[in-house]
**Student:** 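If you scroll down you'll find the structure; I have some questions about it.
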Amino acid sequence: MATHFPDDFKCPISLEIMSDPVILSSGHTFDRSSIQRWLDSGHRTCPITKLPLPEHPRLIPNHALRSLISSFTIQKSQPDPNPYRNPNPSKKHQTQFLISALVSQSSTLESSLHSLSQLTRLTKLDPCLRRQITESGAVSTILNCVDSTESEIQEKALALLLNLSLDDDNKVGLVAEGVIGRVINVIRVGSPSSRAIGCTMLTSLAVVEVNKATIGAYPNAIKTLIWVLYNGKGREVREAATALYAICSFVDNRKRAVECGAVPILMKIGGMGLERAVEVLSLLVKCKEGREEIRKVNGCLEVLVKVIRNGSERGVQCALFTLNCLCSFAEEMRVEAKKDGVLEICVGFLDDENEKIRRNAANLVQNLSCRG
């Protein structure tokens with residue numbers, strides 16, 4: 001019958017379901033009788049970590065786990081009147097055990113890391129388990145883990161929060177709990193991997209319209225993303241650009257991004273092949289401040305034409321739109337675009353299968369043909 005129980009209910013020594021679970025100073029839990037035999041045999045190391053133990057190790061009762069095993073045993077002994085309601089009840093109990101271990105005051109660094117890792121794995125595809133965590137009140141503990149100086153703990157906590165943010169009901173709640181400030185701080189001082197997850201977290205939160213406004217108005221939020229664009233590499237830069245795109249779909253944030261110096265760095269990395277940067281520019285060009293800053297960048301036309309010639313469908317669409325906006329407000333841009341053969345390129349797009357590319361190309365053809 002033990003094989004039907006979660007593995008966390010089994011003693012690592014006897015592999016049997018624990019009747020009296022106790023926590024060793026290493027953070028690992030064992031059945032009292034098994035670990036006592038280990039100690040009585042003269043061992044003074046943790047059976048799992050092999051790290052040294054005190055001369056007289058304390059065995060702390062794990063009341064939370066004992067309660068879970070007891071309630072699970074009772075449930076297993078009773079027939080389920082509706083067996084299809086919850087096809088995998090062990091996951092729910094396993095999650096509860098991991099939550100209890102995480103929020104416990106006696107939780108060690110190692111046990112916290114284990115709990116965060118397992119909770120992240122369990123919640124990736126299961127909204128029911130995500131709801132279980134948020135309703136348990138464990139979010140504040142997870143947020144505290146984000147503040148950890150241990151990069152591994154920080155990264156796992158962010159990954160778990162990212163999973164929780166997949167549900168729209170949690171997005172506003174997480175913001176209310178203070179997640180934005182912590183994420184912004186991690187993006188500033190965390191490891192490259194934590195910075196990337198932090199940027200992805202902002203993108204996820206920004207799916208909700210009210211959060212776009214909240215993130216944009218948060219001190220240094222947009223400036224921090226632009227800092228990553230300037231100083232980051234690879235995945236960090238891609239995720240930062242994606243977060244900036246999500247945030248700048250809210251009108252008021254476009255001017256903020258321009259004022260924080262987004263345009264020159266976006267144009268630079270757009271020219272280096274990151275089309276998401278051009279997508280952000282296609283939002284910033286919709287405001288007067290954005291158009292003026294884009295026009296000031298040396299080689300801006302060259303970057304946009306390069307994307308129009310060689311980019312993906314999405315990149316071509318955004319570059320055409322951006323260039324059309326610029327040409328609509330600046331005669332010199334129309335003249336330069338004509339010289340660079342943009343009119344001929346756009347004519348070639350008039351029969352494109354992509355409706356948005358056709359429309360943007362047609363608008364730019366009309367713009368270049370009907371003006372000086």
Side-chain angles (χ1 to χ4, degrees), residues 116 120 123-124 139 142-143 145-148 151-168 170-172 174-175 177-250 253-254 256-270 272-284 314 318:
L116 289 169
T120 301
T123 57
K124 188 172 184 179
V139 169
I142 302 169
L143 287 171
C145 289
V146 173
D147 294 334
S148 173
S151 60
E152 217 175 350
I153 287 283
Q154 190 178 78
E155 184 177 331
K156 293 298 183 183
L158 280 171
L160 178 54
L161 286 173
L162 179 58
N163 283 357
L164 298 182
S165 75
L166 295 175
D167 301 323
D168 287 350
N170 290 337
K171 296 182 192 295
V172 176
L174 287 171
V175 170
E177 291 259 18
V179 71
I180 295 176
R182 285 179 161 92
V183 169
I184 294 301
N185 184 61
V186 168
I187 295 174
R188 274 286 185 184
V189 303
S191 66
S193 182
S194 290
R195 284 201 292 267
I197 298 173
C199 291
T200 307
M201 180 80 186
L202 293 182
T203 301
S204 178
L205 294 173
V207 169
V208 176
E209 198 70 16
V210 66
N211 283 350
K212 295 176 184 178
T214 303
I215 296 170
Y218 196 91
N220 296 322
I222 291 177
K223 185 178 292 186
T224 297
L225 290 174
I226 295 169
W227 177 86
V228 176
L229 294 179
Y230 188 83
N231 294 285
K233 296 179 181 178
R235 182 186 169 202
E236 305 164 67
V237 175
R238 292 193 299 273
E239 296 299 340
T242 300
L244 196 59
Y245 180 83
I247 294 168
C248 288
S249 62
F250 183 72
N253 290 335
R254 295 166 189 168
R256 292 187 178 112
V258 173
E259 291 174 345
C260 288
V263 170
I265 184 62
L266 286 169
M267 193 63 73
K268 178 181 178 180
I269 61 179
M272 295 168 63
L274 184 63
E275 289 188 0
R276 182 49 58 91
V278 179
E279 293 180 33
V280 181
L281 289 171
S282 72
L283 293 177
L284 302 187
R314 177 67 175 161
C318 291

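Fair warning: this is a prediction, and the values are worked out from it, not measured in the lab.
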**Student:** Show me the side-chain donor-acceptor pairs of residues 206-215 shorter than 3.5 Å, one per line, residues at least two apart or across chains.
**Tutor:**
unit_1: Glu209; atom_1: OE1; unit_2: Lys212; atom_2: NZ; d: 3.2
unit_1: Asn211; atom_1: ND2; unit_2: Lys171; atom_2: O; d: 3.3
unit_1: Asn211; atom_1: ND2; unit_2: Leu205; atom_2: O; d: 3.0
unit_1: Lys212; atom_1: NZ; unit_2: Ser249; atom_2: OG; d: 3.0
unit_1: Thr214; atom_1: OG1; unit_2: Val210; atom_2: O; d: 3.0

**Student:** Please report the interatomic distance CD1(Ile265) to CG(Leu244), rounded to the nearest 0.5 Å.
**Tutor:**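 Ile265 CD1 to Leu244 CG: 11.5 Å, rounded to 0.5 Å.
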
**Student:** Which atom pair, heavy atoms only, marks the closest approach of Val228 to Ala240?
**Tutor:**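 The pair with the smallest heavy-atom distance is CG1-CB, 3.7 Å.
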
**Student:** Are the side chains of Leu158 and Leu162 in contact, using a 4.5 Å heavy-atom criterion?
**Tutor:** no

**Student:** Looking at residues at least two apart in the chain, or sitting in another chain, which of them share a side chain to side chain donor-acceptor pair (under 3.5 Å) with Thr120?
**Tutor:** none

**Student:** Do you know which two heavy atoms are closest between Ile187 and Trp227, and how far apart they sit?
**Tutor:**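 Minimum heavy-atom separation between Ile187 and Trp227: O-CZ3, 3.6 Å.
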
**Student:** Hey, what do you get for CE (Met201) to CD1 (Ile180), rounding to the nearest 0.5 Å?
**Tutor:**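 Output value for this atom pair is 9.0 Å.
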
**Student:** Excluding sequence neighbours, so at least two apart, what forms side-chain contact (heavy atoms from CB on, under 4.5 Å) with Val263?
**Tutor:**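 Testing Val263 for side-chain contact (heavy atoms from CB on, under 4.5 Å), a comparison that skips the adjacent residues, returns Val258, Leu281, Leu284, Glu293, Ile294, Val297.
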
**Student:** Decide side chain to side chain contact (heavy atoms under 4.5 Å, CB included) for Leu161 and Val183; before the verdict, give the C-alpha distance in whole Å, the side-chain angles of both, and the deciding distance to 0.1 Å.
**Tutor:** CA-CA 10 Å; Leu161 286 173; Val183 169; 5.6 Å; no

**Student:** Got Ser193 and Arg235 here, is their nearest side-chain heavy-atom distance under 4.5 Å?
**Tutor:**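 The answer is yes; the side chains approach within 4.5 Å.
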
**Student:** Please name all residues satisfying side chain to side chain donor-acceptor pair (under 3.5 Å) with Asn170, sequence neighbours left out, ordered by chain then number.
**Tutor:** none

**Student:** Drop me the distance from Ser204's OG to Ile197's CD1, to the nearest 0.5 angstrom.
**Tutor:** 12.5 Å

**Student:** Give me the atom names and distance for the closest heavy-atom approach of Arg188 to Thr224.
**Tutor:** NE-OG1, 3.5 Å

**Student:** If we count only N and O atoms by modelled type, under 3.5 Å, do the side chains of Thr200 and Glu239 hold a donor and an acceptor together?
**Tutor:**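 There is such a pair (donor and acceptor under 3.5 Å, judged by atom type) between the side chains of Thr200 and Glu239.
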
**Student:** With sequence neighbours excluded, tell me which residues meet side chain to side chain donor-acceptor pair (under 3.5 Å) with Ser191.
**Tutor:** Ser194

**Student:** Partners of Glu152 by side-chain contact (heavy atoms from CB on, under 4.5 Å), sequence neighbours excluded?
**Tutor:** Leu113

**Student:** So Arg256 and Ile247, side chain to side chain contact (heavy atoms under 4.5 Å, CB included) or not? Walk me through it.
**Tutor:** CA-CA 11 Å; Arg256 292 187 178 112; Ile247 294 168; over 6 Å; no

**Student:** Return each pair, listed once, that meets salt bridge (Lys or Arg N to Asp or Glu O under 4.0 Å) where at least one residue sits in residues 213-226; pairs must be two or more places apart or across chains.
**Tutor:**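 Output for this query is empty, none listed.
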
**Student:** Set out, in order, the CA-CA distance, both residues' side-chain angles and the distance that settles side chain to side chain contact (heavy atoms under 4.5 Å, CB included) for Cys318 and Glu275, then state yes or no.
**Tutor:** CA-CA 9 Å; Cys318 291; Glu275 289 188 0; over 6 Å; no

**Student:** What are the two closest non-hydrogen atoms of Gly270 and Val278, and how far apart are they?
**Tutor:** CA-CG2, 4.3 Å

**Student:** Return the minimal non-hydrogen interatomic distance between Cys260 and Ile226, and the atom names on each side.
**Tutor:**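 Result for this residue pair: CB-CD1, 3.5 Å.
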
**Student:** Got a sec, which residues hit salt bridge (Lys or Arg N to Asp or Glu O under 4.0 Å) with Arg314, two or more places apart in sequence or on another chain?
**Tutor:** Glu279

**Student:** For Arg238, give me all partners under salt bridge (Lys or Arg N to Asp or Glu O under 4.0 Å), at least two apart in sequence or on another chain.
**Tutor:**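 Scan of Arg238 (salt bridge (Lys or Arg N to Asp or Glu O under 4.0 Å), adjacent residues dropped) gives none.
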
**Student:** Who pairs with Arg195 by salt bridge (Lys or Arg N to Asp or Glu O under 4.0 Å), at least two apart in sequence or on another chain?
**Tutor:**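 Residues passing salt bridge (Lys or Arg N to Asp or Glu O under 4.0 Å) with Arg195: Glu236.
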
**Student:** Please give me the minimum heavy-atom distance between Ile153 and Ser148, naming the atom from each residue.
**Tutor:** CG2-CB, 3.7 Å

**Student:** Assess the residue pair Ile184 and Leu202 against the criterion (side chain to side chain contact (heavy atoms under 4.5 Å, CB included)); give the C-alpha distance rounded to whole Å, side-chain angles, the decisive distance to 0.1 Å, and a yes or no.
**Tutor:** CA-CA 9 Å; Ile184 294 301; Leu202 293 182; 3.8 Å; yes

**Student:** Could you tell me which residues satisfy side chain to side chain donor-acceptor pair (under 3.5 Å) with Asp147, sequence neighbours excluded, listed by chain and number?
**Tutor:** Arg182

**Student:** What residues, two or more places apart in sequence or in another chain, satisfy side-chain contact (heavy atoms from CB on, under 4.5 Å) together with Ala157?
**Tutor:**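 Counting only residues at least two positions away or on another chain, Ala157 forms a side-chain contact (heavy atoms from CB on, under 4.5 Å) with Leu116, Ile142, Cys145, Val146.
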
**Student:** Within a strict 4.5 Å, meaning less than it, do heavy atoms of the Cys199 and Leu225 side chains meet?
**Tutor:**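 A side-chain contact under 4.5 Å exists here.
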
